[in-house]
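Each residue takes its place number in the sequence, starting with 1. Worth knowing before you read on, the calculation uses all heavy atoms, side chains too, and leaves out hydrogens, waters and symmetry mates.
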Amino acid sequence: ITVVAQADPADGISRLSLLVEGAEAAQNRQAAIRRVAEALGDGTVMKGFVAAQRADPAAVSGLLMRLGGVAGLKLRAEKLERAIRDEARNQAAIEMQARIESAQERRPNCIAASLAECLSGHPLPAGLVCPDGWEITASGIFRWRIHRDSGDTRSVEVSHRPIVVEGRLRDVQDNTVSLALGWPTAAGRWHVHPAPRLQVADARQLVMLAAHDAPVTSNNAAELVAFLGDFEAANARHIPELRVSSRMGWHGRGADRCFLWGRSQVRPGEILTASPIEDEAPARWARGQVHLLVTDVGLRGLVEGFRAEGSWAGWIASVTHAAPYPAVFLGLYAALVPPLLGLLPHSSNFILDLCGETSLGKTTALRLAVSAWGCPDERGSGLVYSWDASRVFIERAAALGDFLPLFLDDTKRARRREDVGHTLYDYSSGIGRGRGTPQGVQRPTRAHGVLLSTGEAPATSFAEDGGTRART
């Protein structure tokens, strides 16, 4: 490593000691001031002082304190001390840059080789490099620092495990960006987690990733924010970016128009299916399509319910058995309407209520309607939900499944009678409740679709307003 040429530290200590002793023994103030000025102007002498400062800062500090104690020399001693420290830091900075450049020359072209021990076969995007001033290995993240007094360079541990930015996810609706962060868990498994870029840029919010076993604490959060910012900037050309959406339904315009149905993208003549993007390695992203991004774990079950199983011919054969029952087919037809709401201007949401006495087949009819879109089950990852769900869940599920039907079974299971009426009103209007945020006002959620409900009593009996009754 190329370093700045330095004088002998012992010689520097000796020269500084002679300067102090001479100033203390000087017969008059002007002679002492002249000695200090001559030292400041002599490059060879100053090199010795700087070498001494970097080798033994405590000794240099003690001698300079003695020099400042001489009558009339306090300001000159402080000036000399500043000059010595500034030059020591300057030399250290030059050496640190040389160390970084040398390390970069020895380092592989990408960080994948440095992290191979903890990647466990997980692929990283090609070309990722470590930003200047940092070092990243399987043992953690380290930052190069300059010692305040001696000016020496040293590597300081920031985190005991590595964490990197593997990808960027840009929402096609509001243009907000999330970052796909990757790190090894304490168990040794590499984990990918999408986080809003705003969270990654704020130390107080970044700490929340500790719940997912990220190597972040309140002690190192600020340093990790700095590292991740430098890492993203240094790898701007190599970090893949993916178009995502936080809701299903229609997206794009013209030839780029598509429909998100669960994890699949429906386009003219084809259906493109991909793995859940939240768990997929960014190096394997299929970047030619819009993907659904669901960061709320509680809503992922709803998404997984929208999927295809069996065969088209088998489904048609099963549905045909219900042909003699118009009321049952009415539910199926209603379930197929939501995508059309995106093609028909000024169309409104509506509710289809299947009501009647118990054991008449209401839930069975609901399951038939559900089968057109996915899993017709109330358990696991099915699409049938109970009316005992909270209003917030129903609102968020409706927003997630934009231009898709929502299925709620058995109104008598609602927690409160008025909840049914409020839900019917909210859904028919297509606009969620307005909410405030620390930054201002949150944009209300909007949803387009058809709500299919079952119950022994008519759903309209839970509502008192005429607008809801007209749309049910």
Side-chain angles (χ1 to χ4, degrees), residues 1 92-93 95-148 152-168 178-240 281-283:
I1 299 175
E95 290 187 7
M96 184 169 72
Q97 185 60 34
R99 286 173 180 266
I100 292 172
E101 292 174 356
S102 176
Q104 288 175 337
E105 291 176 0
R106 299 192 308 271
R107 191 174 1 185
N109 292 332
C110 63
I111 64 171
S114 302
L115 301 179
E117 182 180 336
C118 60
L119 283 173
S120 303
H122 177 87
L124 289 178
L128 294 184
V129 298
C130 184
D132 290 347
W134 302 85
E135 184 178 357
I136 182 168
T137 69
S139 300
I141 297 172
F142 304 85
R143 188 170 195 174
W144 290 100
R145 291 193 179 279
I146 302 175
H147 192 274
R148 178 178 178 180
D152 288 341
T153 58
R154 55 177 179 164
S155 178
V156 179
E157 182 183 85
V158 173
S159 126
H160 63 285
R161 283 182 276 135
I163 179 172
V164 297
V165 180
E166 295 191 50
R168 291 165 54 91
S178 296
L179 299 179
L181 303 179
W183 63 80
T185 64
R189 183 179 65 86
W190 190 268
H191 176 69
V192 178
H193 181 83
R197 193 169 184 273
L198 178 62
Q199 179 184 9
V200 179
D202 186 340
R204 290 175 297 181
Q205 296 188 53
L206 188 66
V207 174
M208 292 188 291
L209 294 182
H212 301 279
D213 207 9
V216 56
T217 68
S218 58
N219 293 327
N220 68 355
E223 291 275 31
L224 284 179
V225 166
F227 169 75
L228 292 171
D230 290 349
F231 188 94
E232 185 183 7
N235 294 282
R237 294 185 302 168
H238 303 294
I239 296 176

A.B. asks: Is there side-chain contact between Val165 and Leu181, with heavy atoms separated by less than 4.5 Å?
C.D. replies: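 In short, these two side chains touch, coming nearer than 4.5 Å.
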
A.B. asks: Starting at SG of Cys130, measure out to CG of Asp230 and round the result to the nearest 0.5 Å.
C.D. replies: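 Reported value, rounded in 0.5 Å steps: 9.5 Å.
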
A.B. asks: Taking all non-hydrogen atoms of both residues into account, name the closest pair between Ala126 and His238 and its distance.
C.D. replies: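 Residues Ala126 and His238, closest heavy atoms: O-CB, 3.6 Å.
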
A.B. asks: Within a strict 4.5 Å, meaning less than it, do heavy atoms of the Val164 and Leu115 side chains meet?
C.D. replies: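 A side-chain contact under 4.5 Å exists here.
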
A.B. asks: Counting C-beta onward and ignoring hydrogens, is there a side-chain heavy-atom pair between Glu232 and Val200 closer than 4.5 Å?
C.D. replies: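 SC-SC contact between Glu232 and Val200 ruled out.
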
A.B. asks: Using every non-hydrogen atom in the two residues, find where Glu166 and Trp190 come nearest and quote the distance to one decimal.
C.D. replies: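 Shortest heavy-atom separation between Glu166 and Trp190 comes out as OE2-NE1, 2.8 Å.
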
A.B. asks: Over all heavy atoms of both residues, which pair between Ala203 and Ala221 is shortest? Give the atoms and the distance, please.
C.D. replies: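 Distance-wise, the nearest heavy atoms are O-CB, 3.5 Å.
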
A.B. asks: Considering all heavy atoms of both residues, which atom of Ala283 and which atom of Pro123 are nearest to each other, and what is their separation?
C.D. replies: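 Taking every non-hydrogen atom into account, CB-O, 3.7 Å.
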
A.B. asks: If you count heavy atoms of other groups shown closer than 6.0 angstrom to CD of Glu157, is the number above 12?
C.D. replies: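 Result for CD/Glu157: enclosed.
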
A.B. asks: Please walk me through it: do Asp213 and Arg161 pass salt bridge (Lys or Arg N to Asp or Glu O under 4.0 Å)?
C.D. replies: CA-CA 10 Å; Asp213 207 9; Arg161 283 182 276 135; 3.4 Å; yes

A.B. asks: Rounded to the nearest 0.5 Å, what separation is found between the CZ atom of Arg143 and the CG atom of Asn220?
C.D. replies: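 Spacing of CZ (Arg143) from CG (Asn220) equals 12.5 Å.
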
A.B. asks: Could you walk me through whether Trp144 and Asp132 pass the side-chain contact (heavy atoms from CB on, under 4.5 Å) test, one step at a time?
C.D. replies: CA-CA 9 Å; Trp144 290 100; Asp132 290 347; over 6 Å; no

A.B. asks: Would you sort out whether Arg168 and Leu179 count as a side-chain contact (heavy atoms from CB on, under 4.5 Å), showing the intermediate values?
C.D. replies: CA-CA 5 Å; Arg168 291 165 54 91; Leu179 299 179; 3.6 Å; yes

A.B. asks: Taking all heavy atoms of Asp202 and all of Arg204, pick out the closest pair and write down the distance.
C.D. replies: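 Closest pair (atom of Asp202, atom of Arg204, distance): OD1-N, 3.0 Å.
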
A.B. asks: Please report the closest heavy-atom contact between Pro162 and Pro215, naming both atoms and the distance.
C.D. replies: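 Smallest heavy-atom distance, with atoms named: O-CG, 4.0 Å.
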
A.B. asks: With rounding to the nearest 0.5 Å, note down the distance linking NE2 in His160 to OG in Ser139.
C.D. replies: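 Reported value, rounded in 0.5 Å steps: 11.0 Å.
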
A.B. asks: May I have the step-by-step check of side-chain contact (heavy atoms from CB on, under 4.5 Å) for Glu223 and Val156, ending in yes or no?
C.D. replies: CA-CA 11 Å; Glu223 291 275 31; Val156 179; over 6 Å; no

A.B. asks: Can you classify the ring geometry of His193 versus Trp183 as parallel (below 30°), tilted (30 to 60°) or perpendicular (above 60°)?
C.D. replies: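 Taking Trp183 first and then His193, their aromatic rings sit tilted (interplane angle of 30° to 60°).
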
A.B. asks: Is any side-chain heavy atom of Val158 closer than 4.5 Å to a side-chain heavy atom of Phe227?
C.D. replies: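 A side-chain contact is absent here, since even the closest heavy-atom pair is not under 4.5 Å.
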
A.B. asks: Distance-only, no hydrogens or angles: does the Gln199 side chain make a donor-acceptor pair with backbone N or O of Gln205 under 3.5 Å?
C.D. replies: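 Yes, because the side chain of Gln199 sits within donor-acceptor range (under 3.5 Å) of the backbone of Gln205.
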
A.B. asks: Check whether any side-chain heavy atom of Ile163 sits under 4.5 Å from a side-chain heavy atom of Val216, and report yes or no.
C.D. replies: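 Of all side-chain heavy-atom pairs linking Val216 with Ile163, none is under 4.5 Å.
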
A.B. asks: Does any part of the side chain of Phe231, heavy atoms only, come nearer than 4.5 Å to the side chain of Ile111, both counted from C-beta?
C.D. replies: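 Heavy-atom side-chain distance check passes, below 4.5 Å.
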
A.B. asks: Any chance you could measure Thr217, atom OG1, to Leu206, atom CG, to the nearest 0.5 Å?
C.D. replies: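 Thr217 OG1 to Leu206 CG: 10.0 Å, rounded to 0.5 Å.
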
